[in-house]
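So you know, we letter chains A, B, ... as the sequences are listed, proteins then strands, and number each from 1. Just so it is clear, the structure is predicted and the values come from calculations on it, not from any experiment.
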Protein chains: 2
Amino acid sequence: MTLKEGKEKFIQSWGALGSSWGINRTMAQIHALLLISPEALSAEEIMEELQISRGNANMNIRALIDWGLVFKELKPGERKEFFVAEKDMWEVVKNIIIQRKKRELEPMLRVLDEISSVDPESEEAEEFVEIIREIKLFSNKADSTLDTLVKSDSNWFVGTFMKMIK
Amino acid sequence: MTLKEGKEKFIQSWGALGSSWGINRTMAQIHALLLISPEALSAEEIMEELQISRGNANMNIRALIDWGLVFKELKPGERKEFFVAEKDMWEVVKNIIIQRKKRELEPMLRVLDEISSVDPESEEAEEFVEIIREIKLFSNKADSTLDTLVKSDSNWFVGTFMKMIK
DNA sequence: GCGAAGTTTCAAAAAATACTGAACCGACAA
DNA sequence: TTGTCGGTTCAGTATTTTTTGAAACTTCGC
């Protein structure tokens, strides 16, 4: 396989993966492109490589920076902005966990709290509150487990953890 | 908050959560409805409750069964099919991990393998292969960690694990 | 075999989401 | 002050995804 084919295949597949994760195809492709790029790239270069418009590139780069997956890099003398990806996969996963926890798990916890206040004025209502209580319990545990996970370091994750639970 | 409001809010929120997870809104809503339903429901009842068409209900119920999140229940005497949700959240999460691993992580591992065969005939190609190698290493670790996680039981997950890593 | 009750399929329509391109903004140099 | 280079925004358009609804199919009792 040639380098060109390999790069294309990677960008392609990473894009597809992203889209089953609520991340849009282009955003994931930009991330893929930067991941495999030893040098920082400018918006122009990204547009060129992926054949996308300036607006599209700009919006998705912004979003990647928001997620902590890409950083802006200013080269001395150059007016243009350049971009590099976080290359450490454990950092990438950690950032995704942090962001999704904040955007999804935490709001859900708040909703579950509100819902628990349903008046238990019937058999049915009591059953409902009980089911919600269980979901809340589980979610809280997931929440703190993720917190701990995010604080732990990569070596722990890939090394000790696996042996410990075997 | 009344029972009706509570149920609606839960179905609503679970639906929204689903849609940021590559699961479509309706599928997540059906799942939510079944989760909080002490009794098995028929397709008719689901259609009625969520105001959706027969085709939509059928397709999404099938998909939920595929994911192992919902089971068909046949009541003696009745010709209709009824559906119940898996209520144990740990089982729900486990099934989602199993399915997504199969659908997303495993294909990506295969792609990474193919890509590693890029000829290292230039500096750039060597760097590329090296980055891919790192991603592959990480993905393999994630793969086996998830395998182990899925084999472990709920109590372990929520109890021991957290204390161990603190 | 026929009709009733229920399920499945899928082409077409609707809705949601992403992308484009052009206008606009700001910083800088001439 | 003006022109250029880049970044940002966003209304309109294109694409993708989801939903509908009707027809086809299946199963069963008569």
Atom CD of A:Glu73 and atom C1' of D:dG7: how far apart are they, to the nearest Å? 18 Å
Nearest-angstrom distance from the residue atom CG of B:Leu74 to C1' of D:dT26: 15 Å
Have a look at B:Arg62 and say if it touches a base, only the backbone sugar-phosphate, or nothing, with a 4.0 Å heavy-atom cut-off. sugar-phosphate
Return the nearest nucleotide to the side chain of A:Glu81; candidates are C:dC19, C:dT9, D:dT8. D:dT8
Can you list the steps and then say if A:Met47 with A:Ser53 is a side-chain contact (heavy atoms from CB on, under 4.5 Å)? CA-CA 6 Å; A:Met47 287 161 58; A:Ser53 71; over 6 Å; no
Round to a whole Å and report the spacing from CG of B:Asn24 to P of D:dT17. 12 Å
Bend of the helix from C:dG1-D:dC30 to C:dA30-D:dT1 from end-axis comparison, five pairs per end, nearest 10°, comes to 10°
Using whole Å, what does the distance between atom P of nucleotide C:dG6 and atom CG of B:Leu41 come to? 15 Å
Can you tell me if A:Glu5 uses its side chain to pair, donor with acceptor, with the backbone of A:Thr2 under 3.5 Å? yes
Between D:dG12 (C1') and A:Met59 (CE): distance, integer Å: 13 Å
What's the closest nucleotide to the side chain of A:Arg54 if the choices are C:dG6, D:dT20, D:dG7? D:dG7
Checking the side chain of A:Asn95 only, and the main-chain atoms of A:Gly68 only, is there a donor and an acceptor separated by less than 3.5 Å? yes
On DNA chain D, more 5' by nearest nucleotide between B:Asn56 and A:Lys72 is A:Lys72
Does a side chain donor of either B:Gln29 or B:Thr26 reach within less than 3.5 Å of an acceptor in the other side chain? no
Do B:Arg79 and D:dT27 have a side chain to base donor-acceptor pair shorter than 3.5 Å? yes
With a 4.0 Å cut-off on N to O distance, would you call A:Glu130 and A:Lys136 a salt bridge? no
Less than 4.5 Å apart, side chain to side chain, heavy atoms only: is that true for A:Phe128 and B:Ile36? yes
Between D:dG7 (P) and A:Glu45 (CD): distance, integer Å: 11 Å
Between B:Asn58 and C:dT8, is there a contact of a side-chain N or O with OP1 or OP2 at under 4.0 Å? yes
Under 4.0 Å between any heavy atoms, over every strand shown, what does A:Thr26 touch: base, sugar-phosphate, or nothing? Just pick one. sugar-phosphate
Kindly point out which of C:dG6, C:dT20, C:dA18 is positioned nearest to the side chain of B:Lys80? C:dG6
Side-chain N,O (B:Asn60) to OP1/OP2 (D:dT19) below 4.0 Å: yes
Is the backbone of A:Glu121 close enough, under 3.5 Å, to the side chain of A:Asp119 for a donor and an acceptor to pair up by distance? no
